[in-house]
Amino acid sequence: MAERAALEELVRLQGEHVRELKLQKASAEQIEEEVSQLLKLKAQLGPDEGKHKFVLKTPKGTRDYNPRQMAVREKVFDTIISCFKRHGAEVIDTPVFELKDFDIAGQFDPMIPDAECLKIMCEILSSLQIGDFLVKVNDRRILDGMFAVCGVPDSKFRTICSSVDKLDKVPWEEVKNEMVGEKGLAPEVADRIGDYVQQHGGVSLVEQLLQDPKLSQNKQALEGLGDLKLLFEYLALFGIADKISFDLSLARGLDYYTGVIYEAVLLQTAAQAGEEPLGVGSVAAGGRYDGLVGMFDPKGRKVPCVGLSVGVERIFSIVEQRLEALEEKVRTTETQVLVASAQKKLLEERLKLVSELWDAGIKAELLYKKNPKLLNQLQYCEEAGIPLVAIIGEQELKDGVVKLRAVASREEVDVRREDLVKEIKRRTSQPPCIC
């Protein structure tokens, strides 16, 4: 039994060694050699009939997040939430639907909420600093009007709409082949659609289409173009018109959109001068859905609504990849100060001091060893990004002071015990950054 226990301990230690090599990005040959040694040790253990084998897996569609990933994730969420709150957003939790009466008092310009949604979207993406981006806008009424004047049968509106929605991923010829070959659309109708959906621009394109001999005769398209023209006026006032592109290929597959639709994409720098930037994926989207809430109202009243969704998982992956590429260090805690001791047998004093700091609202921690070496405590602060160390020793206790050390500069100053909280708060008045 003792021999087996010793062998199990060797397997454990060898496993930790292999994991450490992988974290250090050791050479493939070295890792392979150590893995081979691990397998040999496991083979010596042989089958263990007395133990049940449990395999722990994350559910499909989910993932685990380590402390570093969670720190990045929280930063992304904090940035998004702060942008919404800056615009007067309120937080709700809706685990169930509750039917209740509501009234919309007075009239308002429906394009203002759309413009503000686009402003929030631009603020979020700019604050996250994940790269250049472009926000595409269109209107479902323009799409439906365009399909009508091009000769698309009413029964094929939605299926042709889903084909158009693929234009950000595949060229027009492939989309046309799908419309004609798979969905039975007449080739000349597909060509008319192609003349429209390959256009994109700013307010000048809106004005151009308002003079289009076909679209200008369609009531839905005319309403949509009129609203888009007004929307661009507000976008100019908000200072974001240069980030917005009117794109007739933007379709957004969800049927509940009733007006303006928008989608933000990250841009990839062109390989050669003169080429247009390439989109590398949607990171936020939204639009107007005035008929959705009424579906849950017994009286079926129309409630004006706009919505914005942010692709948090995609943004998180982009931020994580960027940090890895730049080899940036990420703080996984918000600890402001580590309580350390300069000599042995001061555990009780460290516990007293850290408790005082916690009670004063200071984010503090200490190493759990009874008698940690001072060098190890300082090294831990450097590795964890903790900005301050509160050091106590026999002399400090005698003098009624605490030695406060700035980790970055290694500057040390004696602070009277009763002034320590005030001094730590003064030095950490700015919230610690996680990266």
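Because only heavy atoms are used, hydrogens play no part in the values below, and waters and symmetry mates are left out as well, while side chains stay in. By convention here, the first residue in the shown sequence is residue 1.
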| query | Can you check side-chain hydrogen bond (donor to acceptor under 3.5 Å, both in side chains) on D139 and Y257, steps first, answer last? | reply | CA-CA 9 Å; D139 193 296; Y257 287 120; over 6 Å; no
| task | Mind listing the closest non-hydrogen atom pair of A360 and K425 along with its distance? | result | O-NZ, 3.2 Å
| task | Write down the atom of A148, the atom of F157, and the distance for their closest heavy-atom approach. | result | N-CZ, 3.7 Å
| query | Which atom names give the shortest non-hydrogen contact between V197 and M146, and what distance separates them? | reply | CG1-CE, 3.6 Å
| request: Evaluate whether atom NZ of K183 has more than 12 neighbouring non-hydrogen atoms of other residues, nucleotides or ligands under 6.0 angstrom away. | output: yes
| Less than 4.5 Å apart, any side-chain heavy atom of P171 and any of V175? | no
| Taking all atoms of both residues into account, what is the closest heavy-atom pair of A190 and K176, and its distance? | CB-CG, 3.9 Å
| So, S245 and K136: side-chain donor and acceptor under 3.5 Å apart, yes or no? | no
| Donor-acceptor pair between D114 and Y234 side chains, under 3.5 angstrom | no
| request: Compare every heavy atom of C117 with every heavy atom of V306, then report the nearest pair and how far apart it is. | output: CG2-SG, 3.9 Å
| I261 and A251: which non-hydrogen atoms are nearest, and at how many Å? | CD1-O, 3.5 Å
| Is a side-chain donor-acceptor pair under 3.5 Å present for Q14 with Q37? | no
